[in-house]
Amino acid sequence: MPPDSTQTAPAPAPGALDPRRWRILAFIAIAQLMVVLDATIVNIALPSAQVDLGLSDGNRQWVITAYALAFGGLLLFGGRIADLWGRRNAFITGLVGFAIASALGGAASNAGLLFASRALQGVFAALLAPAALSLLTVLFTEARERAKAFGIFGAIAGAGGAVGLLLGGVLTEYLDWRWTFYVNIPFAAVAIAGAVALIKEPEGARNRSPLDLPGVVLATTGLVALVYGFSRAEEAGWGDGLTIGMFVAAAVLLVSFVAVEARVKHPLLPLRVVLDRNRGGAYAATGIAVIGMFGLFLFLTFYMQLIKEYSPVVTGLAFLPMVAGMITGSTQIATRLMLRVPPRLLMVPGYLVAAVGMLLLTQIGMDTSYPLLILPAMLLIGLGLGTAMMPAMQLATGGVQPADAGIASAMVNTSQQVGGAIGTALLNTIAASATTSFIAARTQLGMAEQAQGLLALEGQVHGFTRGIWWAFGILLLSAAIAGVLINGKGPAAHKAAAAGEEEGEPVPVLAH
């Protein structure tokens, strides 16, 4: 546990700007990239790992599910620990633990050790991710600087999944699947060195209230049940008894959690954090958009490797235009306009532009041209999501008391993690069902083996396009939620509202 005494310089006084904040941002960005790309980097390496360790088809999904369960289930707890213990301590501990878990995963000699290492990665990611975002929240308080910092952070958060696909392909093809784990160690080492040397948490930023243990148990078990329910649905179907049981348990546990939080003196999640119209709208719009984004990664990865016959490396390179679009949308459009226009006027058009890109992808076929259709679609999706996600992150974390920064940041990550689980399960199930129906409707007795193979590929493409149509509708829903719920005027309003909260006034953040 890194003690506060390791800080070699006095922490900034409340309200003072830390002169090291921009250098700190660089190390926070490295840590965030490591966590985000880890959600996808292992996917491309999974077939090689399955062969090497002898994983069964039924068990291989636990490489993904173990990480998702631990990460998604413990995020709220991790955010509260960051508020209680200190974001610097939580950040460094999360980095150290993630590096150790990654080393164990890379050295795994059997399935059990690999699954355990992935779960351990999820545990420390749940501590690290909200600590990183909340550090930004308390370090960057001036509106213009905050917009730039969140633009960089939002670009990394949005593009990390695609970067993971590229890096996973390179490492798997030219080195070994184990390097998809080992690569985290240098990332973590650099971020740890920077954090130890530079981060001095502002005074008065901790929440030293007693830990809400009933809330921790209910939130953790409820989120684990929810994430596992969606993961199970992808494997066993929506009508499976255990799948239904998980959803029922999740509903009961999370409703009980809300009831407890409304009554306890020191809640794990103060309801004021999520009941604010703009903050709650940002959580909802972000989580729903992530459903479509994760589904897209899944479909395009399979489409380019199975139908276009791209190698893992070429597949990863094909995603780079989306990454470039996200970076441009976040750092060049949203950052420059955030102080001039209300967040809604960035979020709604951003989601609509991304939806147009998704609409283009519904036209993919067996011989679709990458430069003529897939490339412009990816650019539009990246540009739109980058423009929308940055102001959404600002709304989600702005205007909270410093003592609530960790839990507000954890809610951002929770909405993304749950959205990713839903997107992977829901859209993959829709695509698989559409593929099965397509093939069944066109199968004829006595077809040549070659024709049957072609039909199977055509069925896959039909399933992908059906799933992408759903992703298109999901992005339209995100735009609608942002248009209806978001009515704030921007960072300046956040600052005034936060000041009112600190003085004990019941000010609705950004509600104008």
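Quick note: numbers below take in every heavy atom, side chains included, and nothing from hydrogens, waters or symmetry partners.
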query = For Ser415, which residues count as a side-chain hydrogen bond (donor to acceptor under 3.5 Å, both in side chains) partner, sequence neighbours excluded?
reply = none
query = Which residues satisfy the side-chain hydrogen bond (donor to acceptor under 3.5 Å, both in side chains) test with Ser256, sequence neighbours excluded?
reply = none
Can you sort out the partners of [X] under side-chain contact (heavy atoms from CB on, under 4.5 Å), two or more places apart, ordered by chain and number?
{"X": "Ile430", "result": "Leu426, Leu427, Arg466, Trp470"}
{"X": "Ala70", "result": "Val123"}
{"X": "Ile30", "result": "Phe27, Phe187, Val190, Ala191"}
{"X": "Ala284", "result": "Ile481"}

Any side-chain to backbone donor/acceptor pair from [X] onto [Y]? Under 3.5 Å, distance only.
{"X": "Arg87", "Y": "Leu135", "result": "no"}
{"X": "Thr286", "Y": "Tyr283", "result": "no"}
{"X": "Thr387", "Y": "Ala334", "result": "no"}
{"X": "Thr93", "Y": "Asn89", "result": "yes"}

Considering all heavy atoms, the nearest Val183-Thr180 contact = CG1-O, 3.7 Å
query = What are the two closest heavy atoms between Ala125 and Phe98, and how far apart are they?
reply = CB-CE1, 3.9 Å
task = Sequence neighbours left out, what pairs pass salt bridge (Lys or Arg N to Asp or Glu O under 4.0 Å) with at least one residue falling in residues 117-132?
result =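 Residue pairs with at least one partner in residues 117-132: Asp38-Arg118.
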query = Can you name the residues that form a ring pair (Phe, Tyr, Trp, His ring centres under 6.0 Å) with Phe181, not counting sequence neighbours?
reply = none
Ring pair (Phe, Tyr, Trp, His ring centres under 6.0 Å) against Phe91, all qualifying residues, sequence neighbours excluded =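 By the ring pair (Phe, Tyr, Trp, His ring centres under 6.0 Å) rule, Phe91 matches no residue at all.
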